[in-house]
Every structure is written in C-alpha cells, then in structure tokens.
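The basis for the numbers below is simple: all heavy atoms, side chains too, and nothing from hydrogens, waters or symmetry mates. Just so it is clear, the structure is predicted and the values come from calculations on it, not from any experiment.
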Amino acid sequence: MNSPHHFLDELNSAQRAAAAHIHGPMMVIAGAGSGKTRVLTYRIAYLIEQGIDPFNILALTFTNKAAKEMKNRISKLIGDGDSRHIWMGTFHSIFARILRIESEKINFPRNFSIYDSADSKSLIKDVLKEMGLDDKLYKPGMVHHRISTCKNNLISPADYAADAVMVGDDRSSGRPRMAEVYAQYNLRLLKAGAMDFDDLLFKTNELLRDYPDVLHRYQHKFQYILVDEYQDTNFSQYLIVKQLAAAFQNVCVVGDDAQSIYAFRGANIQNILNFRKDYPDFSLYKLEQNYRSTKTIVEAANSIISKNRDQIKKEVWTDNDQGQKIRVHRAATDNDEGQFVAGQIYQVRANEQADPSEFAILYRTNAQSRSFEESLRKLNIPYKIYGGLSFYQRKEIKDLIAYFRLTCNPNDEEAVKRVINYPKRGIGDTTIQKLMIGASERGVSLWDMMDRCGEVGIGGSAGQRLSEFMVMIRSFQVQLETKNAYDMGYLIAQESGILRDLFADRTPEGIARYENIQELLNGMKEFSDIVDLDFPDQIRTMPDFLVDVALLTDADQEKDEEGGKVSLMTIHAAKGLEFPYVYIVGLEDGLFPSAMSLDSREDLEEERRLFYVALTRAEKEATISYALMRYKWGQPQWSERSPFIDEIDPIYLDLPAEDKSPKRSAPIDFQSQRNDWGTRPSQPAPKTAAPKPTASPSTPIAAPAGFKRVQSTSSSSAAGTVNADVQEGNEVMHEKFGKGKVLKIEGESPDLKATIFFPSAGQKQLLLKFAKLQVLS
DNA sequence: TTAGTTCGGGTTTTT
DNA sequence: CCCGAACTAA
C-alpha cells in the first residue's frame with residue numbers, strides 16, 4: 001500500500017470522502033459545478049489503485065463522449081493499461097453489446113439492427129396503414145411516444161391490453177386499437193431482427209429476468225457499478241442497475257435532481273427515492289461547493305430553482321468572486337437578438353482577449369440558431385452548431401448505412417425500403433407494395449418475400465431487377481467476416497452506385513453530400529485501424545462498427561479539430577459543459593418555458609430546471625436575451641418576455657430600463673399559480689406516485705407521465721353530417737375557395753367525391769367527408 | 001415508373 | 001418557410 005494517495009489529495013473533503021468510499025451502496029448528490037465528474041473519475045482510479053480489477057467495474061454515463069472523457073482522465077491518473085478494461089459507456093451502448101453476445105437467448109440474430117426514432121416512426125406508419133388506421137388520428141409521433149413510454153416502464157403489449165386504465169384512456173380518445181398497434185409494431189421489429197432504442201433496455205431486463213445464470217454471470221462480472229446522471233435514468237434503467245447490483249450492492253449513483261431535464265423521455269427522478277428504499281443503509285454524500293461560477297451566477301441560479309416544489313434540499317455555494325450582474329437584453333426581433341449577441345461576443349473578445357471557444361449561445365429549440373449564425377458570420381466570428389440534424393441523420397449517410405445494415409441483417413425492413421430503389425434501379429412503388437403485402441400475408445420478412453416474388457406476380461423486368469439487387473447484397477454478405485469495416489464500407493459505397501450517384505451532382509449541396517460520405521468512410525478507416533491489444537489478430541468488422549454508430553449522437557461529436565469556435569446548441573445539449581461566457585437566448589413566454597409545458601406543474605418545473613442548467617453553464621458572465629417578435633414558419637409572431645426572468649432575484653440582474661418599470665402588462669403571477677397547483681382541486685387524483693421499486697418487470701405502472709389526457713381530435717365528423725345533403729347543382733360555400741357550384745358527385749359513401757367549380761379558384765375535386773362545405777341552395 | 005407539381009403540416013427537448 | 005406525401009402527366 002502506497003500511503004500518500006496523491007491524487008485523492010487534489011479533492012476537497014466532501015469529494016474525497018465520496019471518492020474513497022469503496023464498498024456498499026452510495027449516492028452522491030452533486031450541485032452544478034461541484035466536481036461530480038471529478039469524483040467519479042477519482043473514485044474509479046482509487047478503486048483500481050486499491051487492487052480492484054478494472055474488468056469488474058461498470059460505469060454508465062449519459063453520452064459516449066462523457067465515457068470517453070472519463071476514461072482519458074482515469075488513464076491520466078493511473079495509466080491506460082488498467083483503464084482500458086473498464087466497461088464504460090451509455091446504458092444503450094453497453095447493453096447493446098451484451099444483447100449481441102446473448103442474442104440467441106432472446107431470439108434475435110447476432111447482428112440485429114438498431115432502429116433509430118426515424119426508423120421506428122416509419123415502421124409505425126406502415127403498421128397503421130396495414131391496419132387501416134388513420135394516421136391523422138393515430139399520429140405516428142404520438143404513437144411512438146406512447147409505445148416508448150410503455151417500454152421505458154416495462155409494460156409489454158400484453159400488459160398494455162390488460163390495463164383497464166390505459167385501454168379506457170385510448171377508447172375515450174378515439175384510439176381503441178392502440179394496444180394492437182403496439183403489439184403489431186413489436187411483432188414487425190422481431191420479424192425484422194431489429195430493436196428500437198427502448199428495446200435495448202427492455203430486452204436487457206427480460207434477459208436478466210428470464211436467465212438467472214446470465215444474471216449471475218453479469219452480477220459477478222460487474223462487482224462495482226457506477227451510474228452518472230442518475231436523475232436522468234428511467235424505470236427500465238433503474239431496474240437493470242438494481243438487478244446487476246443485487247449480489248454485491250457496490251453501487252454508486254451520482255446525480256443532481258435540480259438538473260433533471262429528461263422526464264419527457266421517461267426519466268424518473270423518483271429513482272433517487274427508490275434508491276433510498278432499496279438500500280436503506282446507503283451512504284449519502286453531498287457536494288455543495290461550486291467551483292465553476294461567480295457568486296452572482298450561483299445565487300441567481302439558486303433563486304430560480306427555489307421556485308420548484310419538487311427538490312432535494314441543498315445549499316450550493318461558492319468561494320469565487322461576486323462577478324458581473326447578469327445582463328438582460330430586450331431585442332425587437334429575432335434578427336436584432338442575433339446581432340446583439342454577436343456584437344457582444346465581438347466586443348468581449350476584443351476587450352478580454354477571449355477565444356471564441358469561451359462563448360456559448362444556448363437556446364430552447366434548434367430552430368432558433370438561424371439568426372445567430374447569420375450575425376456571427378457577418379462579424380467573421382467562427383462558430384459551430386451542435387445538434388440539429390446530426391451527421392448520422394443526414395440522408396446520404398442514412399442511405400449508405402442502410403446498405404450496411406441490410407448487408408449485416410437482410411431482414412432489416414426499414415433498410416430495404418430505403419435502398420431497394422436508391423440509386424434508381426427501376427423498382428417502383430407498385431413492386432414494393434406487392435412485396436410488403438405478400439410478406440405480411442405470409443408472415444415473412446420483406447427480404448424472404450423478394451426471394452419468392454413470383455408468388456405475388458412480380459416477374460419480367462421488375463423481377464429481374466429485384467434479383468440483381470439481391471445478388472449484389474449477397475455478394476457483400478459473403479465478405480462480411482473477412483473484410484474490415486472500412487474495406488467493406490468502401491466496397492459497398494462503390495458497388496451500390498451511391499458514390500457515383502452523389503459524384504454526379506455538382507451543386508454545392510451535392511458536393512457536401514459526397515464529402516459527407518467520404519467523412520463517414522474516413523471514420524470507418526479510423527475505426528478499423530484500432531487494434532485491440534488483447535486480441536491483436538481480430539479484425540474490426542462492419543457489424544462491430546454498426547453497434548457503435550447506431551448509438552452515436554451529436555453530443556458525442558469531437559469538441560473540435562482546429563481553432564476555437566463559438567458553440568451554438570440547445571440547453572439539453574449543453575448539459576455537463578461549461579463556458580466562461582454564456583448567452584441564454586429566446587427567453588420568451590411560450591418559447592421558454594415552452595407553451596407545451598404551461599398546463600402542468602411538473603412540466604413547468606422541468607422547464608425551470610432547464611433554465612437552471614443553462615445558467616449554471618456559465619463561469620464568468622451570463623447574458624439573457626429575448627425578442628418581442630420572431631418569425632415562425634415565415635410568419636411574424638409576437639411574444640412577452642419569459643416569466644423566468646422575473647423569477648430571478650433582481651439584485652443579480654442588470655435590466656434594461658423598459659423592464660424595470662414596476663407595472664408590467666399582466667405577466668403570469670407564478671406565485672399564486674403555484675399555490676393553486678399545490679392543491680389542484682380540478683385534477684382527479686394526481687397520481688404522481690412512482691412505480692414501485694419492487695415491481696416485477698411485468699407489473700403495469702400507474703399512468704406514466706406521458707399519459708395525461710389526450711386532446712380530442714374529432715372535428716371531421718361534424719363536417720361529414722353537414723355535407724351529406726350536398727347535391728349536384730347546389731351552390732356551396734367553402735371556407736377557403738369561397739362560393740362554388742357542384743358539377744358532379746361520384747363515388748360511394750363515405751368516399752363521395754364532388755367536382756365543384758369555384759369562380760375564385762377554378763374547378764376542384766373535393767372529398768365530401770373532409771371538405772368543410774356549407775350548402776347555400 | 002418517374003419526374004414534376006401541389007398541398008398540408010410541423011417546432012420542444014434526445015438515447 | 002421547408003419538407004415529405006400525394007397527385008398528375010408523360
């Protein structure tokens with residue numbers, strides 16, 4: 001034992017106590033900027049130094065980037081020979097790896113595909129179409145969200161169908177077949193050998209539940225478990241951790257309830273409370289000293305978060321200087337806001353010799369980036385946008401990756417649909433429709449149906465093209481295990497014709513697309529060149545690459561290559577980052593807090609935590625701005641300043657003169673609303689109760705957050721009855737085209753189609769069940 | 001089957 | 001305003 005633990009001495013006493021805790025359950029509640037990542041890395045380093053095998057450590061982070069960074073920092077402390085063997089990554093990527101290893105147990109191919117949200121939604125659309133459901137009523141996005149919420153709470157399709165509350169809820173909102181859609185969606189995933197994001201966790205739970213030997217094996221492999229950003233875990237993740245930690249109970253969770261900003265995707269702060277119940281003898285460590293920000297920023301942030309009812313008490317404080325007041329700027333328009341911020345950055349940069357990388361512009365929605373881009377460009381300030389369309393969501397990248405996926409897993413239906421006729425090879429919609437119908441009738445995958453396309457009357461040139469396509473894919477497949485990811489990728493890009501197709505497009509966008517493909521291939525080269533020191537002879541293949549790539553997100557992008565740039569990103573993306581100068585923009589009522597959050601206290605509190613996260617990113621100076629008018633879909637839109645501004649104690653603010661006037665035009669009185677919500681008489685039984693920690697995976701959970709009342713969407717029925725008596729020759733009034741004369745009515749009820757002549761708009765064909773018509777004569 | 005057009009709807013936030 | 005879906009013409 002080497003007695004001077006030099007690296008632990010670099011911590012303050014609270015941090016050191018947490019980092020030196022080895023055995024038994026522990027929780028670290030860490031205020032913003034209090035060095036939580038530091039504690040995690042030092043603790044892992046310390047564990048290893050104390051002789052614990054890195055092979056037995058599992059560290060779950062929120063992003064891949066966080067994992068990578070932490071690994072680097074650990075290897076700086078103890079050398080990378082040891083740190084290499086730690087299993088460190090996001091829940092999704094770690095358990096995707098494990099599911100791949102155990103794939104045969106859960107009836108999935110080893111190279112199962114991972115569907116991203118776009119794939120999931122596309123599949124849902126298919127399912128709806130096949131079931132003959134209206135996708136205006138069953139909106140794919142909404143259906144997906146509902147299914148996702150279920151999966152995150154471990155509610156299977158069977159549980160769903162058996163749950164009277166949820167089924168009743170669906171029935172009353174006019175969507176009685178929701179449970180069926182869910183079941184069908186899962187069936188199609190199974191047939192395609194694919195999992196969506198939520199399945200990666202759901203199936204892990206099933207695996208651990210149904211295979212005690214597997215559970216036992218991983219319990220003994222992962223004797224020390226650490227979870228970062230614990231406040232952002234959902235029930236499914238919670239239960240995985242609980243099961244894995246059950247044997248040794250060496251589980252360490254780190255989080256900050258004040259920074260929980262992912263409830264909308266199922267994160268459950270209640271997991272923190274569950275932890276207390278599951279491990280009554282756990283040790284609690286609180287990190288309350290902030291090292292990041294000025295007193296002004298820390299105290300202003302405290303004043304914001306104190307408005308929330310749901311929170312764990314803690315006192316975040318700092319020894320740092322008081323610093324500048326937070327400047328509030330009121331701009332006339334979104335463009336003015338952009339110019340103001342860019343101008344400020346220009347000035348501060350000149351006055352303080354600051355590098356562009358010291359600035360961040362944070363907004364609520366990605367769409368807000370435009371005006372800042374423009375203004376920064378005009379002043380020649382380099383910037384980088386994080387988020388928005390991530391690299392892997394670009395069409396050309398998704399297309400090529402679809403070829404990769406198809407090669408690794410021919411049953412991947414979303415991949416087939418994407419590339420079967422791209423680049424154009426004369427396989428049109430009719431052929432694809434025939435195949436899809438045939439496949440679903442026979443219960444086989446699209447690919448298998450292609451093999452038997454004669455059965456659905458596809459022959460001649462279409463059949464010929466189809467078989468050429470299959471021959472090509474098969475020629476890729478046979479090389480899958482012998483070629484590395486890069487060689488394989490290059491071959492596919494070439495042979496599929498994608499490279500040629502993109503090269504032919506000489507527009508700037510076309511050139512950019514071509515370069516993106518090059519970049520993807522470069523990335524694959526890098527990936528393929530990595531040598532696993534423990535298995536130096538093993539090649540890194542395309543399936544290996546796909547597991548990584550499917551779960552990479554924009555937050556994982558490398559900081560940046562060369563030279564400093566101003567960072568533009570959503571507040572969600574800024575989580576965990578820090579900048580000397582932070583601009584929080586678009587502080588308008590309805591934008592931030594989002595209009596969607598205004599009718600529930602929980603949602604509003606999440607917005608408030610988001611604001612807290614934004615402000616606490618700042619080290620030296622924070623500036624807040626808002627615009628009285630901004631364009632939305634090309635239309636001007638006026639708004640009031642955000643009530644959040646008024647929630648900050650004004651002693652920390654540098655307000656513009658207009659905003660100091662005590663009489664304000666009736667902003668929401670949040671104080672009194674809070675009281676209303678405290679008792680909430682209008683709400684029937686506010687079931688905020690968390691899922692019971694002891695719940696078995698199949699226990700349905702009472703009304704998860706996403707399940708609040710669904711707005712009624714039935715407006716077309718009224719129009720239908722009105723239109724029933726439209727006759728040929730009638731004069732009618734249309735809300736958009738004005739007066740018109742009915743020339744002809746054809747088709748069968750309820751699909752009656754009318755040909756109407758409108759003097760103002762010409763002749764139109766309208767379906768009576770949809771058109772809003774008034775009969776005049 | 002494809003290319004060219006119109007039309008309607010979408011903006012929270014993301015693994 | 002911008003994208004994809006749906007429709008129309010060749």
Which donor-acceptor pairs under 3.5 Å do side chains of residues 431-438 of chain A form with protein atoms, sequence neighbours excluded?
none

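With sequence neighbours excluded, no residue forms a salt bridge (Lys or Arg N to Asp or Glu O under 4.0 Å) with A:Arg425. Residues satisfying the ring pair (Phe, Tyr, Trp, His ring centres under 6.0 Å) criterion with A:His144, sequence neighbours excluded, are absent altogether. Among residues two or more places apart in sequence or in another chain, the side-chain contact (heavy atoms from CB on, under 4.5 Å) test is passed with A:Thr365 by A:Ala367, A:Gln368, A:Leu591. By the side-chain contact (heavy atoms from CB on, under 4.5 Å) test, A:Asp501 pairs with A:Tyr422, A:Pro423, sequence neighbours left out. Evaluation of the ring pair (Phe, Tyr, Trp, His ring centres under 6.0 Å) rule for A:Phe264 yields A:Tyr262, A:His572 as partners, not counting sequence neighbours.
A:Lys575 comes within contact range of no nucleotide atom at all, as no heavy-atom separation falls under 4.0 Å.
A ring-ring contact (aromatic ring centres under 6.0 Å, His included) check over residues 594-616 of chain A, counting only residues at least two apart or in different chains, returns the pairs A:Phe592-A:Phe611, A:Phe611-A:Phe644.
Atom NZ in A:Lys125 sits roughly 11 Å away from atom C1' in C:dC3 (whole-Å rounding). Summarising the geometry, the separation between CG on A:Asp135 and P on C:dG4 is reported as 16 Å, rounded to the nearest angstrom. Atom CD of A:Gln635 and atom C1' of C:dC2 are 13 Å apart (whole Å). Rounded to whole angstrom, the span from the NZ atom of A:Lys121 across to the C1' atom of C:dC3 amounts to 14 Å. If you measure from atom CG of A:Asp126 to atom C1' of C:dG4, you get 15 Å, rounded to the nearest angstrom. Separating the CD atom of A:Gln231 from the P atom of B:dT15 is a distance of 15 Å, rounded to the nearest angstrom. Computed from coordinates, the A:Asp119 CG to B:dT15 P distance equals 15 Å when rounded to whole Å. Between A:Asp134 atom CG and C:dA6 atom C1' there is a gap of 15 Å when expressed in whole angstrom units.
By the 30° and 60° cut-offs, the orientation of the rings of A:Phe108 relative to A:Phe112 is perpendicular.
Contact check, A:Lys136 against B:dG8: no side-chain N or O comes under 4.0 Å of OP1 or OP2.
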Between the protein and nucleotides 11-13 of chain B, list every N/O to N/O distance that falls short of 3.5 Å.
from, atom 1, to, atom 2, distance (Å)
B:dT12, O2, A:Arg364, NH1, 2.3
B:dT12, O2, A:Arg364, NH2, 2.2
B:dT13, OP1, A:Asn366, N, 3.1
B:dT13, O4', A:Arg364, NH2, 3.3
B:dT13, O2, A:Arg364, NH2, 2.5

Output a table of nitrogen or oxygen pairs between the protein and nucleotides 2-4 of chain B separated by less than 3.5 Å.
from, atom 1, to, atom 2, distance (Å)
B:dT2, OP1, A:Gly426, N, 3.3
B:dT2, OP2, A:Asn421, ND2, 3.2

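The two residues A:Lys575 and A:Gln259 come nearest to each other via the heavy atoms NZ-O, 3.3 Å.
Nearest-nucleotide assignment on DNA chain B puts the 5′-proximal partner with A:Ala462, out of A:Ser117 and A:Ala462.
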